[in-house]
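Taking it in order: structure first as structure tokens, then the write-up.
Order of appearance sets the numbers: ligands from 1, and atoms from 1 within every ligand.
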Amino acid sequence: MAKYQIAWMPGDGIGNDVMEAAEIVLERLDLDAVYHHADIGWEFWCKEGDPLPQRTVDLLKSCDCALFGAITSKPKEECEKELVPELQNKGLQYSSPIVRLRQEFNLSINLRPCKAYPGNPLNYREGIDLVVFRENTEDLYSGVEFHPVEKEIMAFLNDHHPRMKRFAHHAPQDLAITLRIITRAASQKIIRAAFEYAKKHGYPTVTVVEKPNVLRETSGLFVRQARAIAQEYPDIELWETNIDAMCMWLVKNPENYGVMVTSNMFGDIISDLSAQLVGGLGFSASGNIGDDFAVFEPTHGSAPKYAGLYKTNPMAMLITTKLMLDYLGEADRAQQLESAIKRVISSGKLRTYDMGGSSTTLDVARGVRDLL
Ligand code: NAI
Ligand code: MG
């Protein structure tokens, strides 16, 4: 049996284009792996009423990790309209397969490295090497929301929190509540992952990004865990920054930062900001990592207008592939791949349209392959 079982999920649109690029590179790297095609995406919503069929979930359970391209999601009315006639008016609800994967496999660590590779004309500045650790399952994205806010809930909050009085006169449909839920366990997990990464890759600091001066309880709990865990890593300095200030610092001196760790929504914000500093969607890779399973995907979506045209940049997908190799413990292959990526970028000869060139997705992938 091969050493690794890897689920292969191109999904929709340019997900297919960039996964073909990944295939070209993985073939040359000769990883001892079997790749299992898994059905996911819009086609399966339309045909089967489920963009993440149960057979895919079952297949993933037998794999070490998954490599994923992108999916298409559409607004509610279009979801219903595009279903095959026999599935219409059955009350089927579309839900994002990637969000479901994160929940189903408890992929609580979202890892997003953002590195300015020398010679990339889209870099904001050279020398940027940021890595965002974003908690992936809780916080304002836990999904615990109220609207309308029923009278019993208002009464309960009124009884238990003096600040609630200010809102008590609103009618149930005139206010909405989203709970920010932060647990000690998930906070410790993401913070420890960030410190371990910093230790392994030689980053001198870890910056915890929250807002504990205002969000005293939730950010307070998170930052206290960071302070406690930092004690176990005497060689790494813990920096504490507020989310708003962090956005300014990242634009002002991004080179000063390295590993950052934060909760779900703030992580969503700083990871997009960090990605844009090093070239945007064509370079933005991510890993969703759980205890015994992980899904690796470029941050971009299915870019329908480019689907099948092989125009878009495969670098995000190739960097994603590098993250997967790191996760599997294939450090040599990961490093070889990254240095080939770097050389292709710095030579400037192979560039997709977003970098001002006219190379195809597969030209770039073959260029990377030829350096392996
Ligand atoms: P998108 O990321 O698909 O594309 C936005 C634009 O960014 C594209 O039109 C293109 O100009 C550029 N772009 C994206 N990837 C690129 C690449 N690799 N190289 C060069 N340029 C690139 O986002 P959009 O248009 O908002 O969404 C399209 C579909 O993708 C929607 O159905 C959306 O729901 C879905 N989506 C899926 C995601 C996922 O699979 N995780 C994430 C984001 C959107
Ligand atoms: Mg986002």
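- The shortest heavy-atom distance from Thr299 to ligand 1 is under 4.0 Å.
- In terms of protein heavy-atom proximity, atom 9 (O) of ligand 1 is closest to Lys305 CE, 3.6 Å.
- Ligand 1 has no nitrogen or oxygen under 3.5 angstrom from a nitrogen or oxygen of Lys74.
- Using a cutoff of 4.0 Å between basic side-chain nitrogens and carboxylate oxygens, Asp50 and Arg55 are not scored as salt-bridged.
- Any N or O atom pair closer than 3.5 Å counts here, and Ile98 shares no such pair with ligand 1.
- Between Gly301 and ligand 1, an N or O atom pair is found at a separation short of 3.5 Å.
- Salt bridge Glu232/Arg192: present, at least one basic N to carboxylate O contact under 4.0 Å.
- Residues Glu138 and Asn264 have side chains that never bring a donor and an acceptor to within less than 3.5 angstrom of each other.
- Residue Tyr353 has at least one nitrogen or oxygen atom sitting less than 3.5 Å from a nitrogen or oxygen atom of ligand 1, judged on distance alone.
- Looking at Thr72, Leu281, Ile71, Val99, it is Leu281 that brings a heavy atom closest to atom 7 (O) of ligand 1.
- Each of Leu318, Leu337, Leu67 was checked for a side chain to side chain contact (heavy atoms under 4.5 Å, CB included) with Leu26, and the lone residue meeting it is Leu67.
- Checking side-chain atoms of Arg333 against main-chain N and O of Asp30 turns up a donor-acceptor pair under 3.5 Å.
- Note that atom 24 (P) of ligand 1 has no protein non-hydrogen atoms nearby, at separations under 4.0 angstrom.
- Atom 1 (P) of ligand 1 is flagged as protein-proximal [any protein heavy atom, distance under 4.0 Å].
- Taking 4.0 Å as the cut-off, Trp42 does not count as a neighbour of ligand 1 on heavy-atom distance.
- The residue from Tyr233, Phe133, Tyr203 that alone fulfils the ring-ring contact (aromatic ring centres under 6.0 Å, His included) condition with Phe195 is Tyr233.
- Of the protein's heavy atoms, at least one falls inside 4.0 Å of atom 34 (O) of ligand 1.
- Closest to atom 28 (C) of ligand 1, if we only count protein heavy atoms, is Pro304 CD, 3.6 Å.
- Checking only distances, Ser302 does come within under 3.5 Å of ligand 1, N or O to N or O.
- Ionic pairing of Glu217 and Arg180 is not present here: no N-O contact between side-chain nitrogen and carboxylate oxygen is shorter than 4.0 angstrom.
- Cation-pi check for Lys311 over Tyr353 is met; the charged atom lies under 6.0 angstrom from the ring centroid and within 45 degrees of its normal.
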